[in-house]
Amino acid sequence: MTLSLRARLFLGTTLIVALALGLVIVLAARQQRRSLIEHDGRLLAAAAERAAGGIAARPSETAADFPAAAAALAAVHGRRITLVDSSGRVLGDSETPPQDLPRTENHGDRPEFRAALAGRPGTSQRLSETLGIELLYVAVPVTGVPGLAALRLAEPLREVERATAAMTRPLLLAAALGFALVLGLIVWAVGGHARRIRELVVVTRRVGAGDPGARALERPADEVGRLGQSINAMAAELRTRLQALERERDERERILAHMTDGVALVDRAGRTVHANRSLAAILGAALTPTPGTSFQAFARSAELDELLRVARDDGQTVEHDLRLWTPQQRLVRATATRLEGREAGAVLLVLHDLTEFERLDRVRRDFVANVSHELKTPLTSVRGYAETLLEGGLEDREHRVGFVRVIRDQATRLQSLVEDLLSLAELERSDARLRRERFDLREAVERQLGGFRDRAARAGLLLTFAPGAAVPVDADRVRIEQVIANLLDNALKYTEKGGVTVAVGEADGVAWCEVRDTGSGIPAADLGRIFERFYRVDRARSREKGGTGLGLSIVKHIVALHGGEVGVESSPGAGSVFRFEIPARSAEVVS
């Protein structure tokens with residue numbers, strides 16, 4: 001049987017009070033007994049000193065008959081007297097017959113005698129092995145009596161126990177009266193708390209039943225009062241919470257409406273219960289279907305209709321990749337899940353558009369194919385010439401140096417390709433950052449031109465830098481110098497006569513740089529693709545020149561990171577002009 005809260009509070013509080021009172025009584029009785037023993041010990045010590053003084057005054061008489069001396073002292077002081085020598089042997093005891101003294105055990109190990117034999121008074125409390133009662137012992141050293149070393153007085157603790165019991169009885173009576181009074185207070189307090197809790201139970205039931213006028217008492221402001229305050233707050237906010245739930249429902253509807261995945265709930269009869277706008281967009285419809293519309297008539301897809309049927313019949317989640325022939329061909333991943341419960345037989349359909357992923361996957365495959373193709377030629381050359389050298393070419397003094405040069409050149413080309421790929425990968429990272437600083441774009445161009453002048457001279461080309469004023473910019477110096485170097489390299493590589501002219505300037509807050517060459521030019525059909533990775537106008541000539549096909553793509557990405565643009569103007573036989581523009585100032589300058 002489960003006790004009520006009132007009974008548990010009463011019993012628990014009563015037990016705690018009883019234990020507390022019992023503990024107080026026990027501690028008080030022990031303290032009283034300890035005080036009485038200490039008082040008797042002081043009296044007994046004084047008596048022992050007096051007895052020792054009396055013996056010392058009659059040394060010859062005492063030494064002649066120690067048992068008689070002990071008996072005489074016991075008669076005077078009314079307590080047991082024991083005399084021992086320096087070894088602890090009992091010489092006389094008022095409670096032991098003289099003929100039994102030789103059989104009495106040595107008392108040298110008694111705590112009080114150890115202290116007395118050491119020259120100081122000693123006290124001990126224990127059960128006497130001889131008499132079988134608890135005694136209080138006090139021993140003092142004795143001097144001047146031949147053979148005698150210490151004297152001990154012993155007093156039974158019966159009187160102490162009787163006095164302690166007499167003092168404890170009033171304490172027990174007072175505790176009983178106090179306990180009775182406390183019991184009455186406990187009954188009153190527990191009854192009040194139980195009544196208040198019952199009232200709270202009634203109020204909570206009314207709140208649960210929807211009674212808007214249900215209110216609990218909030219006074220006094222203790223834990224139960226705060227509980228009543230909380231119940232009142234709960235009742236006051238009930239309608240607000242219901243309104244919040246309605247708002248959350250509306251928010252979920254808005255979220256569903258703006259999801260990129262198409263979502264539709266189709267009932268067991270194939271009618272649309274709910275659908276979002278993304279579903280209509282994926283299926284090429286202008287509007288979402290109204291509730292009750294046949295999903296088959298809306299979607300016009302036999303594959304989706306079959307997917308819904310399988311999910312409804314099997315009761316399991318079905319997932320397939322489907323190609324929908326909507327106005328714009330789309331690849332979707334369709335997931336159909338049968339719902340149980342109140343919507344038993346209904347199917348939740350989710351369409352995830354994979355069209356963009358398919359395009360990116362195609363780009364990735366094209367990229368892998370291009371990289372493989374670009375790596376294949378130099379690797380084949382390196383392997384072929386290495387095998388030629390191993391198969392006897394090392395003995396061919398006329399051609400072996402040429403073979404090694406070819407291997408070196410192809411290795412250099414591989415290194416350039418890998419470096420460009422790493423650079424492009426770093427630029428295409430979503431967290432790519434620029435280390436902006438303030439520098440002169442003209443000075444940066446001059447630095448790059450210095451590294452290309454010898455190459456231009458060896459090719460018989462004129463490298464010109466148009467004069468002008470300084471062009472300060474806030475940009476990543478290393479990246480911009482890479483752009484300039486790639487454009488210069490590209491211009492010199494595809495210019496066979498004439499030269500290359502570079503110009504920089506600034507207008508309306510935009511810094512620009514142009515690299516103009518007198519090369520063969522670029523056909524109009526190729527202008528839109530030259531900034532693509534691995535795209536070459538003349539592949540055979542590009543490989544002959546050692547290009548990787550990534551330089552202009554790197555240029556485009558760096559300029560885009562700076563928020564600028566890059567373009568080209570060219571026609572066959574008229575050369576080319578590459579121009580990039582970047583903002584001259586930026587709020588992201590790194591000092």
Side-chain angles (χ1 to χ4, degrees), residues 27 29-167:
L27 293 177
R30 291 183 62 184
Q31 182 61 36
Q32 290 174 356
R33 185 174 185 274
R34 186 182 299 109
S35 299
L36 290 174
I37 291 174
E38 290 177 356
H39 177 71
D40 282 1
R42 289 192 294 271
L43 295 178
L44 197 62
E49 293 291 344
R50 289 194 301 273
I55 290 176
R58 298 185 301 275
S60 58
E61 297 178 10
T62 302
D65 190 352
F66 287 114
L73 288 173
V76 172
H77 294 282
R79 297 177 177 89
R80 179 183 178 184
I81 302 293
T82 304
L83 305 176
V84 298
D85 61 11
S86 59
S87 65
R89 183 170 62 89
V90 177
L91 301 177
D93 189 278
S94 61
E95 301 292 335
T96 304
Q99 63 273 18
D100 294 338
L101 289 177
R103 295 191 297 272
T104 303
E105 63 177 296
N106 190 284
H107 283 32
D109 59 344
R110 303 292 196 273
E112 66 278 7
F113 275 124
R114 284 203 302 269
L117 294 176
R120 63 181 185 277
T123 302
S124 177
Q125 173 188 340
R126 66 178 179 275
L127 184 69
S128 172
E129 296 179 0
T130 305
L131 303 178
I133 60 174
E134 190 173 10
L135 298 175
L136 176 64
Y137 299 97
V138 174
V140 296
V142 177
T143 58
V145 179
L148 182 62
L151 176 148
R152 183 184 72 182
L153 267 69
E155 183 181 63
L157 292 179
R158 287 191 294 267
E159 296 300 326
V160 172
E161 300 297 341
R162 284 194 290 269
T164 302
M167 297 176 67

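We use all heavy atoms of the structure for the numbers below, so side chains are in, but hydrogens, waters and symmetry mates are not. Quick caveat: nothing in here was measured; it's all calculated off a predicted structure. When a residue number appears, it is its place in the shown sequence, counting from 1.
Remark: E38 pairs with no residue by the salt bridge (charged side-chain N to carboxylate O under 4.0 Å, His left out) rule, at least two apart or across chains. Remark: R114 pairs with no residue by the side chain to side chain donor-acceptor pair (under 3.5 Å) rule, at least two apart or across chains. Legend: residues meeting salt bridge (charged side-chain N to carboxylate O under 4.0 Å, His left out) with R126, ordered by chain and number and at least two apart, are E112. Taking the salt bridge (charged side-chain N to carboxylate O under 4.0 Å, His left out) definition, one finds that D100 meets it with R103, sequence neighbours left out.
Ion pairing of E155 with R79 is present here, as a side-chain N (NZ or NE/NH1/NH2) and a carboxylate O approach within less than 4.0 Å.
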V140/R152 under side-chain contact (heavy atoms from CB on, under 4.5 Å): CA gap, chis, key distance, verdict: CA-CA 6 Å; V140 296; R152 183 184 72 182; over 6 Å; no
Candidate pair V84 and F113, rule side-chain contact (heavy atoms from CB on, under 4.5 Å), full reasoning: CA-CA 8 Å; V84 298; F113 275 124; 3.2 Å; yes
L83 vs D93, side-chain contact (heavy atoms from CB on, under 4.5 Å): CA-CA, chis, key distance, verdict: CA-CA 6 Å; L83 305 176; D93 189 278; over 6 Å; no
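Between L148 and D85 the shortest side-chain heavy-atom distance does not fall below 4.5 Å. A heavy-atom distance below 4.5 Å is found between the side chains of P67 and L101. Between T96 and V90, the closest side-chain pair of non-hydrogen atoms is not below 4.5 Å.
Closest of all the heavy-atom pairs between A115 and G122 is CB-CA, 3.6 Å. Across all their heavy atoms, A48 and L151 have their closest contact at O-CD2, 4.0 Å. In this structure, E105 and H107 approach most closely via the heavy-atom pair O-ND1, 2.9 Å. Shown here for P121 and P141, the closest heavy-atom pair between the two residues is N-CD, 4.2 Å. For the pair L44 and Y137, the tightest heavy-atom approach, listed with the atom from each and the gap, is CD2-C, 4.4 Å. Contact record, L153 with A51: CD1-CB, 4.3 Å, taken as the closest heavy-atom pair.
Going from atom OG1 of T82 over to atom CG of L91 covers 10.5 Å, rounded to the nearest 0.5 Å. Atoms CZ and CG, on R80 and L136 in that order, are 13.0 Å from each other to the nearest 0.5 Å.
Within the structure, the salt bridge (Lys or Arg N to Asp or Glu O under 4.0 Å) test picks out the following pairs touching residues 44-58 (sequence neighbours left out): R58-E61.
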Kindly list each side-chain donor-acceptor pair under 3.5 angstrom involving residues 68-76, sequence neighbours excluded, with atom names and distances?
none

